[in-house]
Amino acid sequence: MTRGVRPLSRLRWLSVELEQEREKLQLTQEDVAYALNWSLSMLAGVENGTRGIPVADLRMLLLHYGVTDADRVEELVRMARAENDQVWQSEDGGRALEAVAATQVPQIGQPCYRRIFAVDIEQSTERNNSAKMSLRRAMYDLLERCMVESGITAPHRDRFVDRGDGILALIHPVDDIPKTLLLSKVVPMLDELLAGYAESYPEARLRLRAVVHAGEVHFDGHGWFGEALDVAFRLLDAPEVKKRFRASVRPLLVVVSDDIYTSVVRHGYAGIDVRAFDEVAHVKVAGQRHRGWVRTCGEQES
């Protein structure tokens, strides 16, 4: 293939090359996204030239495509690096963005503060593997769309953590992404998208429980852990929360920790109706009791 000056931008040229590699193998975007545990919107963005790709993700993608020629790999890697550098340098406030990006690599053994948002598919263990595959794809696509359209893009969060029948999203503590955004925009949008999905695919019965919390977490090179995550997942899986959801016909229920309720919900910020939350769950973690406040989306008081 002839190299040299091209009329396409580096990002668009890279996207064309990657799309061609996929098509050589007769794979769909859905096939690749599922195999790599990426959201479909992420892969689509890479292929249509609207988003860059980190070098580590590019290498993973090329390996999946069977591209092992060292020169070919390095050519594409150089292209991705050059484009990523250009993006950072061209943004206003580049230094601030670089600082945000640096937080994507947590220090092993050191606590770091994160806003915690996690979702879980209702009754996933009752579905067969084919059904689970479809539900997982939809869950990833809908959550990624909510995050991006709410302004919570890659520099502002860590990569989604897969939980089999759920997703953990860890959001960086930056002023552009206040805690209120999760409840005033992400949650309502997710509820709306889930309702739309239910109308299009009623047989899928995709319903999600979600939790919002915040606190110190740790990364040890293998994954994330910490008491704040223990609290979040205990609330998400609390029997009282599941019982409340079973009594609802809505596709989304959200439970917030006592910390989120006290610091955000009770103040009645724009887009957050304090009357819609009820104290429902009580869990115990490390000898401490924690309350959970539940809102069944679409059923709040007017």
Side-chain angles (χ1 to χ4, degrees), residues 114-124 138-139 142-152 157 165-171 173 176-199 202 205-215 228-229 231-285 289-302:
R114 292 291 190 269
R115 286 83 185 263
I116 299 167
F117 187 84
V119 296
D120 190 86
I121 299 173
E122 182 189 44
Q123 298 180 333
S124 65
M139 173 180 65
L142 296 182
L143 184 57
E144 175 73 12
R145 179 176 172 184
C146 289
M147 290 287 178
V148 171
E149 293 191 12
S150 298
I152 309 176
R157 54 182 164 90
D165 56 359
I167 299 171
L168 167 64
L170 296 172
I171 299 153
D176 291 343
I177 312 295
K179 294 177 185 176
T180 53
L181 190 66
L182 290 172
L183 294 173
S184 65
K185 191 164 185 180
V186 173
V187 167
M189 185 182 302
L190 184 57
D191 180 57
E192 181 180 346
L193 292 176
L194 284 168
Y197 186 84
E199 289 181 6
R205 295 179 290 114
L206 176 59
R207 302 205 321 152
L208 300 178
R209 299 188 317 280
V211 63
V212 181
H213 185 39
L229 292 177
V231 171
F233 291 124
R234 288 292 299 275
L235 289 173
L236 186 62
D237 294 333
E240 304 95 329
V241 173
K242 293 182 178 181
K243 181 179 179 181
R244 173 65 70 92
F245 200 24
R246 285 194 298 270
S248 169
V249 298
R250 297 296 302 176
L252 179 66
L253 173 144
V254 61
V255 55
V256 304
S257 66
D258 205 27
D259 174 71
I260 295 297
Y261 182 86
T262 301
S263 63
V264 176
V265 174
R266 74 180 184 88
H267 296 287
Y269 293 115
I272 302 174
D273 183 0
V274 65
R275 299 169 301 171
F277 290 82
D278 297 318
E279 182 182 341
V280 170
H282 298 83
V283 300
K284 196 171 184 179
V285 176
R289 293 182 63 83
H290 301 269
R291 297 182 294 178
W293 301 76
V294 167
R295 171 193 168 191
T296 305
C297 297
E299 297 181 356
Q300 68 268 32
E301 298 177 20
S302 59

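- V294 is not listed as a side-chain neighbour of V254, based on a closest heavy-atom distance of 4.5 Å or more.
- Between R246 and E240 no salt bridge is recorded (no basic side-chain N to carboxylate O distance below 4.0 Å).
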- request: May I have the step-by-step check of side chain to side chain contact (heavy atoms under 4.5 Å, CB included) for L168 and L229, ending in yes or no?
  value: CA-CA 9 Å; L168 167 64; L229 292 177; 4.0 Å; yes

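- Rounding to the nearest 0.5 Å places CE of M139 at 9.0 Å from OG of S124.
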task: Apply salt bridge (Lys or Arg N to Asp or Glu O under 4.0 Å) to E279 and R244, showing your working.
output: CA-CA 11 Å; E279 182 182 341; R244 173 65 70 92; over 6 Å; no

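- Checked by atom type and distance alone, the side chain of R209 pairs as donor or acceptor with a backbone atom of L236 at under 3.5 Å.
- Rounded to the nearest 0.5 Å, atoms CH2 (W293) and OG1 (T262) are 7.5 Å apart.
- Looking at every heavy atom in both residues, F117 comes nearest to V186 through CZ-CG1, 4.2 Å.
- In this structure the side chain of L208 never reaches within 4.5 angstrom of the side chain of P251, judged on heavy atoms.
- Counting heavy atoms from C-beta outward, E122 and R205 have side chains that stay 4.5 Å or more apart.
- Smallest separation of non-hydrogen atoms from G151 and I177: O-CD1, 3.4 Å.
- Between A281 and V241 the shortest heavy-atom distance is CB-CG2, 3.8 Å.
- Judged by the 6.0 Å distance and 45° axis criteria, R266 is not positioned over the aromatic ring of Y261.
- Between A232 and I116, the closest heavy-atom pair is CB-CG2, 4.0 Å.
- Within the 4.5 Å cutoff, side-chain heavy atoms of L193 are placed close to those of C146.
- Heavy atoms only, all atoms of each residue included: V187 and L252 are closest at O-CD2, 3.5 Å.
- The side-chain heavy atoms of V211 and V256, taken from C-beta on, include no pair separated by under 4.5 Å.
- Side chains of M147 and I171 form a contact here, defined as non-hydrogen atoms less than 4.5 Å apart.
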- prompt: Can you check side chain to side chain contact (heavy atoms under 4.5 Å, CB included) on V119 and L190, steps first, answer last?
  reply: CA-CA 11 Å; V119 296; L190 184 57; 4.3 Å; yes

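- Counting non-hydrogen atoms of neighbouring residues, nucleotides and ligands closer than 6.0 angstrom, the CD atom of E192 reaches no more than 12 such neighbours.
- Atom-to-atom distance recorded for R289:CZ and D258:CG is 11.5 Å, nearest 0.5 angstrom.
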message: H213 vs V231, test: side chain to side chain contact (heavy atoms under 4.5 Å, CB included). Steps then yes/no.
response: CA-CA 8 Å; H213 185 39; V231 171; 3.9 Å; yes

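- No side-chain heavy atom of F233 sits less than 4.5 Å from a side-chain heavy atom of D120.
- The CG atom of L183 sits 11.5 Å away from the CG atom of D273 when rounded to the nearest 0.5 Å.
- Here the closest non-hydrogen pair linking I152 and R157 is O-NE, 2.8 Å.
- To the nearest 0.5 Å, atoms OG (S257) and NE2 (H290) are separated by 9.0 Å.
- Between the OG atom of S263 and the CG atom of D259 there is a distance of 4.5 Å, given to the nearest 0.5 Å.
- Between the side chain of R295 and the backbone N or O of D278, no donor-acceptor pair lies under 3.5 Å.
- Judged by distance alone, with hydrogens and angles left aside, the side-chain atoms of R207 form a donor-acceptor pair with the main-chain N or O of R250 at under 3.5 Å.
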- prompt: Passes side chain to side chain contact (heavy atoms under 4.5 Å, CB included), L182 versus R115? Steps please.
  reply: CA-CA 9 Å; L182 290 172; R115 286 83 185 263; 4.3 Å; yes

